[in-house]
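To start, the structure itself, in structure tokens.
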There are 2 protein chains.
Amino acid sequence: MFEAARAYADPSDDAFGGADEGVVVSIGRRDGPAVERLRAHGLRPTRQRLDLVGVLFSQGDRHVSAEQVYSEALAAGAKVSLATVYNTLKQFTEAGLLVELAAAGAKSFFDTRVDSHHHFYVEDEGVMMDVSADDVGIDRLPTPPEGMEIVGCEVTIRLRRKR
Amino acid sequence: MFEAARAYADPSDDAFGGADEGVVVSIGRRDGPAVERLRAHGLRPTRQRLDLVGVLFSQGDRHVSAEQVYSEALAAGAKVSLATVYNTLKQFTEAGLLVELAAAGAKSFFDTRVDSHHHFYVEDEGVMMDVSADDVGIDRLPTPPEGMEIVGCEVTIRLRRKR
DNA sequence: GTGTCTGCAAATGATTTGCATTTCC
DNA sequence: GGAAATGCAAATCATTTGCAGACAC
């Protein structure tokens, strides 16, 4: 009933859940789509960037924090430092490979989906789930202020567990 | 043309702009609506909470960070520590006096408007502006997952300066 | 080779916490 | 008086940065 909604790991906890069994992450490959993806965005295909591309984009759409990416990368056998993960996530975001999520709290999250879509946000759990753009209908938006243009538009639907 | 949009201080900079001239903040009052507002939410009306209520709710709707509230409170003559500001903002949020904004980046912001409304977000500047709920039309929302109920729904319209 | 990356560890920024002191009811 | 709130400084996270060595082209 909710194919459009996918949970992601609880941001308040330590990142974990790295390297699901059965998911083959293309760590170590010196060619292929990951290389082209990086080149297409003006980034040199270094080993750690390729590893992080593998972690980020081999499992469908994801909402991740730097810590999560770091431990998944380590779990997948990548050699990378936490600082590089932070720097790389920022570079990927600037390059358009990722989008930074607007989230409550003092931690940054990144979305591997860069097309326009929306989110359920479970307030008490800090959990976010994707909502396909097709499931939300917006029929009216305000005109932007002078000199500005609309780049995108996201809906956050806040949820609470029924009680 | 954009009465519905109100700017707030740049989150990336030091908080400032405290205690606008001409704005009377009811610091020091031991009674009145601030006391009742706190009591109504189960919070003891202490001196610093009253001062913070004054800072937060005397100037219309605002988007503030802890640092901003802190320096405005000091500028308004309140005696309060930064730690207490952090703790108080969290308590106010739990009590429903404030709403934590979903923002990109590693800093928390709070909105003194607790009713449902929306935001413009200027991507390169980290600036947010209110958009009245009337200016956005949502005609379709997905059914929430089993056991969940919708608490609210906010639209973030991302803007960019035309170039 | 040369300019770009990376790693490490230290610096910075944001937020929380422990505990003695003060304030509210 | 007793519970709850506050202040301060130290502790804890999250993130960034400086710089020497490693890697891509």
Side-chain angles (χ1 to χ4, degrees), chain A residues 9-15 27-31 34-36 38-39 41-53 64-71 73-74 78-95 98 100-101 103-110 126, chain B residues 9-15 27-31 34-36 38-39 41-53 64-71 73-74 78-95 98 100-101 103-110 126:
Chain A
D10 183 344
S12 63
D13 271 310
D14 265 359
I27 297 264
R29 299 198 56 182
R30 278 292 80 77
D31 61 348
V35 171
E36 275 132 48
L38 287 174
R39 285 227 164 83
H41 290 268
L43 295 168
R44 278 195 188 174
T46 66
R47 183 170 51 72
Q48 20 290 300
R49 283 177 184 166
L50 288 168
D51 291 348
L52 295 179
V53 166
V64 290
S65 67
E67 283 289 348
Q68 274 173 52
V69 172
Y70 178 57
S71 47
L74 293 189
K79 301 278 190 299
V80 66
S81 73
L82 181 56
T84 297
V85 170
Y86 272 104
N87 293 333
T88 303
L89 288 177
K90 190 191 260 188
Q91 292 158 358
F92 281 12
T93 300
E94 282 159 6
L98 295 173
E100 185 172 1
L101 282 174
K107 211 168 172 179
S108 295
F109 286 87
F110 299 87
Chain B
D10 184 343
S12 63
D13 272 308
D14 265 0
I27 299 264
R29 298 198 56 181
R30 280 291 82 74
D31 61 348
V35 171
E36 275 131 47
L38 287 173
R39 285 227 165 84
H41 290 267
L43 295 168
R44 278 193 188 176
T46 66
R47 182 170 51 74
Q48 20 291 297
R49 281 178 184 166
L50 288 168
D51 290 348
L52 295 179
V53 166
V64 291
S65 68
E67 283 289 347
Q68 275 173 52
V69 172
Y70 178 56
S71 47
L74 292 190
K79 301 279 189 301
V80 67
S81 72
L82 181 56
T84 297
V85 170
Y86 272 104
N87 293 333
T88 302
L89 288 177
K90 188 190 260 187
Q91 292 158 357
F92 281 12
T93 300
E94 283 160 4
L98 296 173
E100 186 170 2
L101 281 174
K107 209 169 171 179
S108 296
F109 286 86
F110 299 87

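Per chain, numbering begins at 1; letters A, B, ... match sequence-line order.
In this structure, Tyr70(A) and Ser81(A) approach most closely via the heavy-atom pair CE1-C, 3.7 Å. Heavy atoms only, all atoms of each residue included: Ala106(A) and Ser108(B) are closest at N-OG, 4.0 Å. Closest of all the heavy-atom pairs between Gly105(B) and Glu100(A) is N-OE2, 2.8 Å. Nearest heavy-atom pair across Leu38(A) and Pro45(A) is CD1-CA, 3.6 Å. The shortest non-hydrogen separation linking Leu52(B) to Ala73(B) is CD2-CB, 3.9 Å. Of all the heavy atoms in Gln48(B) and Thr84(B), the pair that sits closest is CG-CG2, 4.2 Å.
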Atom pairs, protein N/O to nucleotides 5-7 of chain D N/O, distance under 3.5 Å:
| residue | atom | partner | partner atom | Å |
| --- | --- | --- | --- | --- |
| dA5(D) | OP1 | Arg49(B) | NH1 | 3.3 |
| dA5(D) | OP1 | Arg49(B) | NH2 | 3.2 |
| dT6(D) | OP1 | Thr46(B) | OG1 | 2.6 |
| dT6(D) | O3' | Gln48(B) | OE1 | 3.2 |
| dG7(D) | OP1 | Gln48(B) | OE1 | 3.1 |
| dG7(D) | OP1 | Lys79(B) | O | 3.1 |
| dG7(D) | OP2 | Ser81(B) | N | 3.1 |
| dG7(D) | OP2 | Ser81(B) | OG | 3.3 |
| dG7(D) | OP2 | Thr84(B) | OG1 | 2.6 |

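Taking side-chain N and O atoms only, Arg39(A) has a distance below 4.0 Å to OP1 or OP2 of dC25(D). At the phosphate of dT15(D), OP1 or OP2 sits under 4.0 Å from a side-chain N or O atom of Ser108(A). At dT15(C), none of the side-chain N or O atoms of Lys90(B) fall inside 4.0 Å of OP1 or OP2 (strictly under the cut-off).
The distance from atom CG of Leu74(B) to atom C1' of dC8(D) is 14 Å, rounded to the nearest whole Å. Note: CD (Glu67(A)) to P (dT16(D)) measures 13 Å, nearest angstrom. A straight line from CG of Leu89(A) to C1' of dA14(D) spans 13 Å, rounded to a whole angstrom. Nucleotide dC5(C) holds its P atom 11 Å from the CZ atom of Phe92(A), rounded to whole Å. Per the geometry, CG belonging to Asp51(B) stands 11 Å off P belonging to dC24(C), to the nearest Å. The OH-P distance, from Tyr86(A) to dT12(C), rounds to 18 Å in whole Å. Here dT16(D) presents its C1' atom at 15 Å from NZ of Lys107(B), a figure rounded to the nearest Å.
A donor-acceptor distance shorter than 3.5 angstrom exists from the side chain of Arg47(B) to the backbone of Lys79(B), with no hydrogens or angles considered.
Here the side chains of Phe92(B) and His41(B) are not in contact, with every heavy-atom distance at 4.5 Å or above. Put simply, the side chain of Asn87(B) does not reach to within 4.5 Å of the side chain of Lys90(B), judged on heavy atoms.
Taking the C1' atoms of five terminal pairs at each end of the helix from dG1(C)-dC25(D) to dC25(C)-dG1(D), the two resulting helix axes are inclined by 30°, rounded to 10°.
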